[in-house]
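Please read all numbers here as calculations on a predicted model, not as lab measurements. Naming convention: chains lettered A, B, ... in sequence-line order (proteins, then strands); numbering from 1 in each chain.
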Amino acid sequence: MDYQFKDIEQKWQQFWAEHKTFRAENTTNKPKYYVLDMFPYPSGAGLHVGHPLGYIASDIFARYKRLKGFNVLHPMGYDSFGLPAEQYAIQTGQHPSVTTEANIATYRRQLDQIGFSFDWDREVRTSSADYYKWTQWIFMQLFNSYYDKDADKAQSIAKLVEHFENNGSAGINAVCDDETLTFTADDWKAFNKQEQQAELLKYRLTYLRESTVNWCPALGTVLANDEVKDGFSERGGYPVEQKKMMQWSMRITAYAQRLLTGLDHIDWPEPLKEMQRNWIGKSVGASVRFPISLSPALSEGEGAGKKVSPNGGDLEGAHYIEVFTTRVDTVFGVSFLVIAPEHELVAALTTPGQKTDIDAYITQTKKKSELDRMADTKTVSGAFTGSYVTNPLNGTQIPVWIADYVLAGYGTGAVMAVPSGDQRDFLFAKHFNLPIIPIIDIQNIEAEADPTKEGKYINSDFINGLGYKEATAAVVAKLDELGLGKAKVNFRMRDAIFGRQRYWGEPVPVYFKGNLPYLIEEQHLPLLLPEIDKYLPTESGEPPLGRATDWSYKPQESRDKNQEEATYAYELSTMPGWAGSSWYWYRYMDANNDKEFASREAIEYWKDVDLYIGGSEHATGHLLYSRFWNKFLKDLDLVVEEEPFKKLINQGMIQGRSNFVYRLIDDEGKGTNTFVSHGLIKEYKTSPLHVDVNIVENEVLNLNKFKEFRSEFANAEFILENGKYICGVEVEKMSKSKFNVVNPDDLISRYGADTLRMYEMFLGPLEQSKPWNTNGIEGVFKFLRKFWRLFHDAEWNFTVSNEVPNKAELKSLHKIIQKVEQDIERFSFNTSVSSFMIAVNELTDLKCNKRAILQELVITLAPYAPHICEELWVMLGNPAGSISTAAYPKFNPAYLVEDEFSYPISFNGKVRTNISLSLTLEQSDIEAAVLANADVQKQLNGKAPKKVIVVKGRIVNIVI
RNA sequence: GCUCAGAUGGUGGAACUGGUAGACACGCAGGACUUAAAAUCCUGUUCCCGUUAAAGGAGUGCGGGUUCGAUUCCCGCUCUGAGUACCA
């Protein structure tokens, strides 16, 4: 029979499912290998050809590792909580679980027909209660923990309570919202329960606090920083504004340093690590305190000499402005201070004379949206508060300004401005006519600031004449001595906002008593998502869960006593999309466990993910949060590895490749029904028009299908070149509106899954982004037919011989055995596909149908094209399904050695002659033979060579 | 602006640590088979010059360098893509 891919693929997919061929065991003697894909959000659109790219690569790798004798865990699931299902529910009233279910069914069907070797017994769905029970459970562990800086790990909150009871706040070195509050053990005991809870909330790793959040009015919810791109929501592209709200947050900042150092120990792409480093944004510098001076107006007369703010307001104990700087060495160049318009001391620092200016400026800043503020980086603006601070090192009076280029959210929201060394400060100083003090001898500050670290300091008191390093050390030491500054590390990363005002997410297992959050009892997990009638926020602006009729908690004690009155309202917001995906790889280890999130045994066996394949768009979201949760779970000794994903590969994005037709424009400028082929558009006036890529083949438009494409084209006429209509091409995002979506289902029904799998790999390097282009899939399909033909005679009868293979055949086979092994280990699947084509071409030329060769070839190809290989494997007389546990053929380098070899010799770098030599010659003989060769002698022309270059025992170049 | 990645035929792309650039595939051209088409198979295909065959020259974004020898290493530049952006 000819190659009938449809029958073959259906047969084997069914076989694998029925026999659970790819089930992974948690107990075996084999070494483990965990291959993970980023699980998909099941969207309504289904899969397009870009989605399976990474899955195919990981599947090849997983199948290959099985052949190499590993017990491979290769699971799949769905990240099924999320916005689109909810938006759809709002529009249609359809419950999100219904759409989600339907979408999962589509995904499953599409995944199955590509022939992946997933262990479906371990499937997880983040939206199913037996999964999110454990997401809620981990939330509870976070709530019950604080970060101990001395131990550098998370600890139980009970330990903190114990410490407070015995020692008060003294001796606690923990990550906390408000480090200034101190109390004794007696104070603590005197606090009532409410006050104690309020204090503990400042330490908990997940906590509730009023914070500025990214509020998206269109979506009616807050978004995390990584979900906002350029002032718009990542999903939907709606505008995002800043708003103060009580919000759940995750204290990821406690882990900033560990998240940073951990990057050095994992095998991830460097660009991705770099993105995480930038996101964490560590800067090493110093904090410096500038004592607030009396305003000149108040330095005489009534109130003179009193530590009050210039406008008579209370400074609440703050007698200085604290700034963060990475260039403390430039402190003598400070000519003004700038604080953010939102800075808490602005009101207190504003003198009566400056009040109008400052108020006007603040109003103006507030009006500017976040987006304008970002776009407008050219204009210099600001206002003088009227107040001064004192330079702690030389007593200079320094004016305090406000300006929106200083961000309230970073550092202390205040900067010391050094116009000679910082360009923004320079522009500000020029604009407002403030002094610019040169502080380094080689500085050139004619036209712009010069941030050099070379040269010697000038105008800088005790560091004059020093270099950068010594100066920095000297300044830090001096500030430390004065108690006005110290070395400090600052991180850009903020705590992650954890609450979402949405319905379709995990309910937060928390109820409120006296406005403070308390955890529900563990035996009441999971806290099920309630049914509601509509998915919009309530009329009073509460999140959708506010619509639930019985959304309140009865603690166990009141349940026991059957007390009706003791019920407490549950939290109304739900968890963000990243909650469920921040630990899912552990669930796969023990997916059906209803006692624990995963058993200790399972975790100790599988440990971590050996290979993770997914897109780089998750760099600062999922991949960072996952590392954070993993480290937390490690601190609690619930998991065994510090980092969850040992090796990570980013598959490139598949872009769309749009085709265009060119409509002829008539003299009046109106579009006609005539279309001009791409090569001729310069000679006509035309306008481009997207055309469905599925009716274009190798840029040639199928004219009949085009006439059916839209009714208006039924009578279309064409101006052709060489009898064909050639379409234009452009690379764009894959989207329905651009008619460039290629559906894997179509390709599979035309060419089969094996062809699709190999073609996706053949397209180019896995990690490179590239436009999808179906041109060329024929080549892979032809290859598989050729491969099939190797096992058959001219009448398509299965015919293999038991003859002993000859040297040429063994050479072809072992070349491919070695190549595939090397390529898979290097993740360069595309060149392997080429090598298969070469091998099969060679064996076809040799008319080789020998069992010994073909059997091994089938195993080698099986990870790429599993269906056809399973079929041939059985035809070769092996038991069905056993190919997945076969052993990868052993490479024997002896077969690659040739009897005779030929290679080129260059003279002065130019190739002049080709030489053939017998391998029976000894190494030394080879060199002599080359020099004695007639062609070589002719080139040398009787002279002795100046130099002879030998590479791997061969003379490759002779310098005359 | 900063950080990172990249630039090789008509196209996708090969070339592992510097050693015959363009593997493999697509496309294109020619041929075989066929009444014809499709499918299949064979041959050619970096460019220039030339041709019966040859022989020669140039060539991996641009300019320089190191080297017997550079797509590969170094310096400078141009362009493309990605991330990030008043981060003090």
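Between B/A39 and B/A32, the distance separating the two C1' atoms is 14 Å to the nearest Å. Distance noted for atom C1' between B/G76 and B/G81: 22 Å (whole Å). Spacing between B/U71 and B/G22 at atom P, rounded to whole Å, works out to 12 Å. Taking the C1' atom of each, B/U45 and B/G10 are spaced 11 Å apart, rounded to whole Å. Comparing B/U60 with B/G50, their C1' atoms sit 26 Å apart, to the nearest whole Å. Distance check on atom C1': B/C77 versus B/C26 gives 35 Å, rounded to whole Å. Rounded to whole Å, the separation between the C1' atoms of B/G9 and B/C24 comes to 14 Å. Nucleotides B/C62 and B/U78 place their P atoms 15 Å apart, quoted to the nearest Å.
Contact check on A/Glu778 versus A/Arg785 returns no salt bridge, with no Lys/Arg side-chain nitrogen under 4.0 Å from an Asp/Glu carboxylate oxygen.
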### Task
Check step by step if side chain to side chain contact (heavy atoms under 4.5 Å, CB included) holds for A/Phe491 and A/Ile280.
CA-CA 6 Å; A/Phe491 292 97; A/Ile280 296 167; 3.6 Å; yes
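In this structure, A/Ile949 reaches the bases: a heavy-atom distance under 4.0 Å links it to at least one base atom across the strands shown. Among the atoms of the strands shown, only primed sugar atoms or phosphate atoms (P, OP1, OP2) are found under 4.0 Å from some heavy atom of A/Asn841. When heavy atoms are screened at a 4.0 angstrom cut-off, A/Thr326 is found touching the sugar-phosphate backbone but no base atom. A/Gln768 comes within contact range of the sugar-phosphate backbone alone, with a heavy-atom separation under 4.0 Å but no base atom that close. Note on A/Asn830: only backbone sugar-phosphate atoms sit closer than 4.0 angstrom, heavy atoms only; bases stay farther off. Within the 4.0 angstrom heavy-atom criterion, no nucleotide atom of any strand lies near A/Pro771. A/Lys946 comes within 4.0 angstrom of no nucleic acid atom, judged by non-hydrogen atoms across all strands. Among the atoms of the strands shown, base atoms are found under 4.0 Å from some heavy atom of A/Phe762.
Taking a pair to require two hydrogen-bonding distances under 3.5 Å in either a Watson-Crick or a G-U wobble arrangement, B/A85 remains unpaired. In this entry B/A54 has no Watson-Crick or G-U wobble partner, no candidate having both defining distances under 3.5 Å. Partner assigned to B/A5 is B/U80, using Watson-Crick or G-U wobble distances below 3.5 angstrom. Across all strands shown, B/A29 pairs with B/U43; the Watson-Crick or G-U wobble distances both stay below 3.5 Å. Summarising the base pairing, B/U35 is matched to no nucleotide, lacking a Watson-Crick or G-U wobble pair whose two defining distances lie under 3.5 Å. In this structure B/U72 sits in no base pair that meets the Watson-Crick or G-U test at under 3.5 Å. Applying the Watson-Crick and G-U wobble criteria (two distances, each under 3.5 Å), B/U67 pairs with nothing in any strand. Base pairing of B/U20: no nucleotide in any strand meets the Watson-Crick or G-U wobble criterion (both distances under 3.5 Å).
Nearer the 5' end of RNA chain B, as judged by each residue's closest nucleotide, is the contact made by A/Asp823, out of A/Gly776 and A/Asp823. Each of A/Val700 and A/Met275 was matched to the nucleotide of RNA chain B holding its nearest heavy atom; the match closer to the 5' end belongs to A/Val700.
Annotation: A/Phe336 is in aromatic contact with A/Phe428 [ring centroid separation under 6.0 Å]. Between A/Phe836 and A/Phe787, the ring centre distance reaches or exceeds 6.0 Å.
A/Thr253 and A/Asp495 form a side-chain donor-acceptor contact under 3.5 Å, judged by distance and modelled atom types alone.
Residue A/Leu272 contributes atom CG, which lies 14 Å from atom C1' of B/U3 at whole-angstrom precision. Put simply, CE on A/Met837 is 6 Å from C1' on B/A25, counting in whole angstrom units. One can place CD of A/Glu342 at 13 Å from P of B/C86, the figure rounded to the nearest angstrom. Rounded to whole Å, atom C1' of B/C41 lies 16 Å from atom CD of A/Glu778. The nearest whole Å value for the distance from the CE atom in A/Met653 to the P atom in B/G6 is 19 Å. Between A/Asn650 atom CG and B/A5 atom P the separation is 14 Å, expressed in whole Å. Put simply, OH on A/Tyr405 is 19 Å from P on B/A85, counting in whole angstrom units. A straight line from NZ of A/Lys453 to P of B/A88 spans 11 Å, rounded to a whole angstrom.
Rounded to the nearest 0.5 angstrom, A/Gln276 CD and A/Ile266 CD1 are separated by 7.0 Å.
Contact check for A/Leu763 versus A/Ile654: side-chain heavy atoms found under the 4.5 Å cut-off. Using a 4.5 Å heavy-atom threshold, the side chains of A/Gln651 and A/Phe827 count as separate. Side-chain contact check for A/Ile436 versus A/Lys430: some heavy-atom pair is nearer than 4.5 Å.
Checking B/C26, B/G19, B/C87 against the side-chain heavy atoms of A/Leu407 singles out B/C87 as nearest. Closest contact between the side chain of A/Asn957 and the listed nucleotides B/C86, B/G19, B/C26 involves B/G19. Across B/C24, B/C26, B/A88, the shortest atom-to-atom separation from the side chain of A/Ile838 is found for B/C24. When distances are taken from the side chain of A/Arg785 to each of B/A39, B/G13, B/C41, the shortest belongs to B/A39. Of the candidates B/U3, B/C24, B/U84, the closest approach to any side-chain atom of A/Arg492 belongs to B/U84. Among the nucleotides B/C24, B/G13, B/A88, the one closest to any side-chain atom of A/Pro765 is B/G13. Residue A/Pro271 has its side chain nearest to B/C4 when only B/C87, B/C4, B/A14 are considered. For A/Val415, the side-chain atoms get nearest to B/A88 when compared with the rest of B/C68, B/U84, B/A88.
Close to B/C16, at under 4.0 Å from its OP1 or OP2, lies no side-chain N or O of A/Lys819. OP1 or OP2 of B/C87 has not a single side-chain nitrogen or oxygen of A/Arg494 nearer than 4.0 Å. Checking the phosphate oxygens (OP1, OP2) of B/A88, a side-chain nitrogen or oxygen of A/Ser283 falls inside 4.0 Å.
Look at B/G9: its glycosidic torsion is within 90° of 0, and that puts it in the syn range.
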